[in-house]
Amino acid sequence: MQYKWLLFDADNTLLDFDAAERVSLTEALAARNISVDETIQSVYHTINSAIWVQIERGEFDRENLNAVRFSRLAEHFGFELDAEETGRDFFAVMAKQRILIPGAEELCRDLAEAYSLHMITNGTAFIQHGRLDGLPMMDHFDGLFISQEVGAEKPSREFFDAVAAAIPNFSPKQALVIGDSLTSDIAGGIAAGIDTCWYNPKGKTAPSHCTPTYTVSDYGQLRRLLKI
């Protein structure tokens with residue numbers, strides 16, 4: 001195993017997206033006198049996840065993301081709200097959320113001594129830059145690739161081709177994709193001929209058609225895999 005480049009996913013791999021989502025949803029709906037409980041959070045998460053699967057497949061226009069997910073949420077619960085305005089408020093809060101998974105900064109600092117780190121993330125550029133720019137952790141990264149700026153989403157070959165083209169002397173055989181999403185990170189890496197490491201803290205089972213090269217449940221296992 002002679003890796004040179006580590007291609008890290010951002011959300012729920014290094015950043016705690018679920019926590020950021022809870023804060024943002026709570027504040028956006030509180031401004032409309034709606035209290036968020038576990039049921040609302042769960043339904044929102046289900047709606048949002050389903051839309052992102054469609055985006056990854058190229059079946060949904062990301063420009064409609066906010067209006068659609070909040071209109072679906074409002075329809076489900078019978079809320080009276082302006083979906084686009086609520087979505088804008090959600091975005092404004094989300095762009096300020098810089099909640100790291102414990103140990104993420106130290107992990108990246110140590111890995112950067114032996115590898116070239118690049119972040120590959122699906123998402124809206126405004127949101128991701130707001131969350132990532134200025135984070136001390138980003139000092140350890142040589143590149144940041146956000147799908148909206150790349151012009152393609154993971155797991156598409158176009159996204160990974162753009163990443164490969166932007167990294168000098170890049171070789172797929174010397175790279176490793178590290179992420180929590182089977183449909184985005186792992187499937188995309190496999191299709192691009194890049195080894196993959198599934199960050200799987202919840203102990204899920206991978207389907208036979210999407211088998212990662214490695215699976216780790218925590219940063220300690222990842223450290224041992226990469227010998228740091």
Side-chain angles (χ1 to χ4, degrees), residues 8-105 119-138 144-149 153-155 179-185 199-204:
F8 267 99
D9 174 48
D11 289 315
N12 286 335
T13 300
L14 295 173
L15 280 78
D16 191 335
F17 177 82
D18 292 343
E21 183 182 76
R22 284 193 297 273
V23 171
S24 303
L25 183 65
T26 297
E27 292 195 20
L29 293 185
R32 288 148 183 87
N33 298 314
I34 299 171
S35 297
V36 173
D37 57 18
E38 290 185 7
T39 300
I40 293 175
Q41 177 68 38
S42 177
V43 170
Y44 172 84
H45 184 76
T46 299
I47 290 170
N48 190 50
S49 296
I51 292 174
W52 271 103
V53 169
Q54 289 184 287
I55 291 174
E56 291 168 5
R57 293 174 178 169
E59 300 169 353
F60 188 93
D61 183 355
R62 65 157 45 253
E63 299 304 319
N64 297 319
L65 173 63
N66 257 342
V68 171
R69 63 185 171 187
F70 281 102
S71 64
R72 290 181 183 177
L73 185 71
E75 181 179 0
H76 181 91
F77 288 105
F79 296 152
E80 292 291 334
L81 55 80
D82 183 320
E84 290 192 8
E85 182 182 67
T86 305
R88 286 194 295 271
D89 287 354
F90 175 90
F91 264 4
V93 178
M94 177 64 85
K96 300 176 183 178
Q97 302 306 308
R98 295 179 167 184
I99 308 171
L100 296 178
I101 294 173
E105 184 172 351
M119 189 170 290
I120 57 172
T121 176
N122 280 350
T124 303
F126 164 72
I127 297 294
Q128 298 303 66
H129 279 298
R131 298 169 66 213
L132 295 169
D133 291 354
L135 270 179
M137 181 183 70
M138 295 308 297
L144 169 60
F145 300 91
I146 301 172
S147 61
Q148 188 177 37
E149 295 178 335
E153 310 284 340
K154 294 180 295 180
D180 71 298
S181 172
L182 287 171
T183 59
S184 174
D185 309 309
Y199 177 64
N200 181 28
K202 295 182 179 180
K204 298 178 181 178

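Throughout, residue positions are numbered sequentially from 1 according to the sequence presented. Predicted, not measured: the structure shown is a model, and the values here were computed from it.
- When side chains are defined from C-beta on, M119 counts as touching M137, because their heavy atoms get closer than 4.5 Å.
- Contact check for I34 versus L81: side-chain heavy atoms found under the 4.5 Å cut-off.
- Side-chain N/O atoms of Q54 and R57 include no donor and acceptor closer than 3.5 Å.
- Taking a 6.0 Å sphere around CD of E149, one finds it holds more than 12 heavy atoms contributed by other residues, nucleotides or ligands.
- In terms of modelled atom types and a separation under 3.5 Å, the side chain of S42 and the main chain of E38 share no donor-acceptor contact.
- Using a 4.5 Å heavy-atom cutoff, the side chains of L73 and L29 are in contact.
- Note that CD1 of I127 is 10.5 Å distant from CG of D11, once rounded to the nearest 0.5 Å.
- Atom OG1 of T26 and atom OH of Y44 lie 11.0 Å apart (nearest 0.5 Å).
- Although no hydrogens or angles enter the test, the distance criterion places a donor-acceptor pair under 3.5 Å between the side chain of R98 and the main chain of D133.
- Scanning for salt bridge (Lys or Arg N to Asp or Glu O under 4.0 Å) contacts around R32 gives E85, D89, with sequence neighbours left out.
- Looking at E21 and Q41, their side chains do bring a donor and an acceptor atom within 3.5 Å of each other.
- To the nearest 0.5 Å, atom CD1 of residue I51 and atom CG of residue N66 are 9.5 Å apart.
- The CG atom of L14 lies 6.5 Å from the CD1 atom of I101; values are rounded to the nearest 0.5 Å.
- For the pair H45/L25, no side-chain contact is recorded, criterion being any heavy-atom separation below 4.5 Å from C-beta on.
- The CG atom of N122 lies 4.5 Å from the OG atom of S184; values are rounded to the nearest 0.5 Å.
- Residues I146 and F126 form no side-chain contact, since every pair of their non-hydrogen atoms from C-beta on lies 4.5 Å or further apart.
- Side-chain contact, T124 with Q148: no donor N or O sits under 3.5 Å from an acceptor N or O.
- One distance of note links CG of N12 with CZ of F17; it measures 7.5 Å at 0.5 Å rounding.
- More than 12 heavy atoms of other residues, nucleotides or ligands lie within 6.0 Å of CD in E59, so this atom counts as buried by the packing criterion.
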